[in-house]
Trainee: 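Please read through the structure below; I'll follow up with questions.
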Amino acid sequence: MRVLMILPALTEATSPLFRPIKYSLFPPLGLATLAAYLPGGDDVRVVDEHVERFDPAEAALPDLVVIQVYITSARRSYELADWYRARGVFVALGGLHVTSLPDEAAGHADAIFLGPGEDTWPAFLADLRRRAPLRRYTSKERTLARLPRIRRDLIQRHRYLVPNSIVVTRGCPHHCDFCYKDAFFEGGKSFYTQAVDDALAEIERLPGRHLYFLDDHLFGNRRFAAELFEGMRGMGRVFQAASTVDAVLAPDLLEAAVEAGLRSLFVGFESVNAANLAAQRKRQNIGRDYAAVARRIHDAGAMVNASFVFGMDEDGPDVFDRTVEWAVSQGIETATFHIMTPYPGTGLFRRIEAEGRIVHRDWDLYDTRHVVYEPRGMTARQLEDGYWRAYQDFYRWGALWRGAAAHERPGDRLRHLAYAGGWKKFERVWDALIRTRQVLHALPLLETALSSFGARRPMRSRPRERATIAA
């Protein structure tokens, strides 16, 4: 059987003028995992439109097309699906957007998949070979036991800055209103892990030193995380991952992660306005000292990649300057900003829709960079302008110098400038590397920057700072 698996691209990722590095970071692990369930005799190809040009008319027709659909790639996904179906090819659609809006997706597919695919995908393959596939497959059993080895041979490593991405858990133990997670994992466990030995075996198979854990919350199961970090000690790896505010403040686990090679941690601070956190059910952040979180990560010897969301109901026009000022003053190395976006299937979408505040359903614009609802504390124009200004202000050279100065040690200051500046001040260089398929050659620079972190510092005693989540 000839199988074609496609990750459709967002419009921005195919621009002839400029292609941000974020679209060339990680390969499509989900598709490569599904490919592992196919028999060895099948002819399988994985296409990622973020990093390669793809024209379906230029290749032989496959027997099966599998498309992973995100909300902002839905238009392109349906376009491809319709093209193949018109030519008699069986089309299967899955992913976050399909799970959130199954009836919409079903109009463009022969079969759709709701939720994770570890149980439904093998069932579908068996049905397909019996020529009796169902129209809809809904995940119920949630386990990562017996997960086959990911088909990394189908990934074009040279096209990605971080080819060694890995996922060892599924979902998240928290239930934030704006997150897709609850819709995607409805009907079964919403957070579960691999066996530690299986995760370590996958890590051992990856070449080089650098890893990026794409898990929503690597620290979400404390026992699993502690055993994983213990198993990674001595491997000589450097890795990046994501966690939450409350997990960072818990004793010992952060230090164990750094000893295992953690050098940069993505943390969802989300908002400097305390009232927003309760409204979004971001309970793991409520009452936490954000300054203590940043300080603890830095003292352990890692960088902070902070995430913030603008446009929650308690935000006014001052939120952008306040957020940037706090992040710079804490020496945050990199920051990611978002406009609050009510994704279909989330509690946030249901609430804002009930209030009549959804402006449109043009999924191309549900990208956290456009306002798709009516804000309460400011106009849509103020929100979009403030979002772009936050990025500009945080990554100005003056702000980068001030952020670096927040570190006490000269080496930490230099690393701050090198990492933050290299990420945002040389975007045209990244663009050239992407277009010439040379982006992987920058990986040694990333490894060097990350490797320079990790020296344990004694915890310093400072006055408790609460301005981080001032109302």
Side-chain angles (χ1 to χ4, degrees), residues 1-9 13-14 23-24 26-70 73 76-95 98 105-106 108-114 116-137 139 144 146-160 163-167 201-202 205-207 437 440:
M1 182 168 63
R2 294 189 304 277
V3 182
L4 176 62
M5 296 182 158
I6 307 173
L7 182 64
T14 59
Y23 296 120
S24 297
F26 312 115
L29 275 190
L31 295 177
T33 300
L34 294 182
Y37 288 92
L38 292 163
D42 286 348
D43 179 7
V44 188
R45 179 187 177 191
V46 174
V47 170
D48 180 359
E49 284 196 316
H50 298 95
V51 298
E52 60 181 305
R53 178 184 172 275
F54 175 69
D55 183 349
E58 294 180 353
L61 289 177
D63 302 301
L64 169 65
V65 167
V66 182
I67 302 177
Q68 184 174 0
V69 188
Y70 294 109
S73 67
R76 173 61 173 165
S77 298
Y78 295 157
E79 177 185 278
L80 287 168
D82 293 345
W83 190 93
Y84 279 109
R85 293 185 78 204
R87 287 155 179 80
V89 177
F90 192 101
V91 173
L93 300 180
V98 173
H108 303 274
D110 297 293
I112 62 172
F113 295 79
L114 310 186
E118 292 90 10
D119 59 334
T120 55
W121 178 247
F124 161 74
L125 291 177
D127 292 345
L128 185 66
R129 293 184 189 282
R130 291 189 293 105
R131 300 183 184 277
L134 303 179
R135 289 280 296 164
R136 183 175 300 201
Y137 290 83
S139 171
L144 295 179
R146 304 176 302 279
L147 194 69
R149 185 179 298 187
I150 298 172
R151 288 289 306 275
R152 293 182 182 270
D153 58 299
L154 299 175
I155 293 171
Q156 301 180 61
R157 286 180 57 88
H158 65 282
R159 295 182 182 270
Y160 301 95
N164 283 356
S165 53
I166 184 172
V167 181
E202 177 67 13
R205 286 191 286 268
L206 295 173
R437 304 178 185 178
L440 184 59

Trainee: Mind checking whether Leu7 and His50 have side chains closer than 4.5 Å, heavy atoms only?
Mentor: yes
Trainee: Run the side chain to side chain contact (heavy atoms under 4.5 Å, CB included) test on Asn164 and Arg157 for me, step by step, so that the C-alpha distance in whole Å, both residues' side-chain angles and the decisive distance to 0.1 Å come before the verdict.
Mentor: CA-CA 9 Å; Asn164 283 356; Arg157 286 180 57 88; 2.9 Å; yes
Trainee: Which pair of heavy atoms, one from Asp119 and one from Ser139, lies closest together, and at what distance?
Mentor: OD1-OG, 3.2 Å
Trainee: Enter the distance from Asp43:CG to Asp63:CG here, rounded to the nearest 0.5 Å.
Mentor: 9.0 Å
Trainee: Does any non-hydrogen side-chain atom of Pro133 lie less than 4.5 Å from one of Asp110?
Mentor: no
Trainee: I'd like to know if the side chain of Arg136 and the backbone of Leu114 have a donor-acceptor N/O pair within less than 3.5 Å.
Mentor: no
Trainee: Give the minimum heavy-atom separation between Ile150 and Ala32, together with the two atoms involved.
Mentor: CG2-CB, 3.7 Å
Trainee: For the residue pair Asp48 and Pro27, establish whether any side-chain heavy-atom pair is separated by less than 4.5 Å.
Mentor: no
Trainee: May I ask you to test the Trp121-Val66 pair for a side-chain heavy-atom distance under 4.5 Å?
Mentor: yes
Trainee: Under 3.5 Å, is there a donor-acceptor pair between the side chain of Arg159 and the main chain of Val51?
Mentor: yes
Trainee: As a quick check of understanding, evaluate side chain to side chain contact (heavy atoms under 4.5 Å, CB included) for Trp83 and Val65, giving each step before the final call.
Mentor: CA-CA 11 Å; Trp83 190 93; Val65 167; over 6 Å; no
Trainee: Determine whether more than 12 heavy atoms belonging to other residues, nucleotides or ligands lie under 6.0 Å from atom CZ of Arg146.
Mentor: no
Trainee: Look at Arg151 together with Asp42 and state whether they make a salt bridge at an N to O cut-off of under 4.0 Å.
Mentor: no
Trainee: How long is the straight-line distance from CZ of Phe90 back to CG of Leu128, given to the nearest 0.5 Å?
Mentor: 6.0 Å
Trainee: Does Arg149, at its CZ atom, have more than 12 non-hydrogen atoms belonging to other residues, nucleotides or ligands within less than 6.0 Å?
Mentor: no
Trainee: Do Met1 and Leu38 have side chains that get closer than 4.5 Å, going by heavy atoms?
Mentor: yes
Trainee: Does a salt bridge link Arg130 with Asp127, judged by any charged N lying under 4.0 Å from a carboxylate O?
Mentor: yes
Trainee: Compare every heavy atom of Ser165 with every heavy atom of Leu29, then report the nearest pair and how far apart it is.
Mentor: CD1-O, 3.4 Å
Trainee: State, yes or no, whether a side-chain contact exists between Tyr78 and Pro8 at a heavy-atom distance under 4.5 Å.
Mentor: no
Trainee: Pair Leu34, Phe124 - check side chain to side chain contact (heavy atoms under 4.5 Å, CB included), show working.
Mentor: CA-CA 11 Å; Leu34 294 182; Phe124 161 74; over 6 Å; no
Trainee: Considering all heavy atoms of both residues, which atom of Met5 and which atom of Leu31 are nearest to each other, and what is their separation?
Mentor: SD-O, 3.3 Å
Trainee: Closest heavy-atom contact between His108 and Arg85?
Mentor: O-CD, 3.3 Å
Trainee: Would you indicate whether Tyr70, at its atom OH, is surrounded by more than 12 heavy atoms from other residues, nucleotides or ligands within a distance under 6.0 Å?
Mentor: no
Trainee: Report the C-alpha distance between Leu206 and Arg152 in whole Å, list the side-chain angles of each, state the deciding distance to 0.1 Å, and finish with yes or no for side chain to side chain contact (heavy atoms under 4.5 Å, CB included).
Mentor: CA-CA 9 Å; Leu206 295 173; Arg152 293 182 182 270; 3.4 Å; yes
Trainee: If we ignore hydrogens and angles and just use 3.5 Å, is the side chain of Arg135 paired with the main-chain N or O of Ala109 as donor and acceptor?
Mentor: yes
Trainee: Can you find a pair of side-chain heavy atoms, one from Tyr84 and one from Leu61, that are under 4.5 Å apart?
Mentor: yes
Trainee: Within this structure, what is the CZ-CD1 distance for the pair Arg76 and Ile6, rounded to the nearest 0.5 Å?
Mentor: 7.5 Å
Trainee: Can you say whether the rings of Phe113 and Tyr137 are parallel (under 30°), tilted (30 to 60°) or perpendicular (over 60°)?
Mentor: parallel
Trainee: Can you find a pair of side-chain heavy atoms, one from Ser73 and one from Glu49, that are under 4.5 Å apart?
Mentor: no
Trainee: Where is the tightest heavy-atom contact between Leu93 and Ala81, given as atom of each residue plus distance?
Mentor: CD2-CB, 4.3 Å
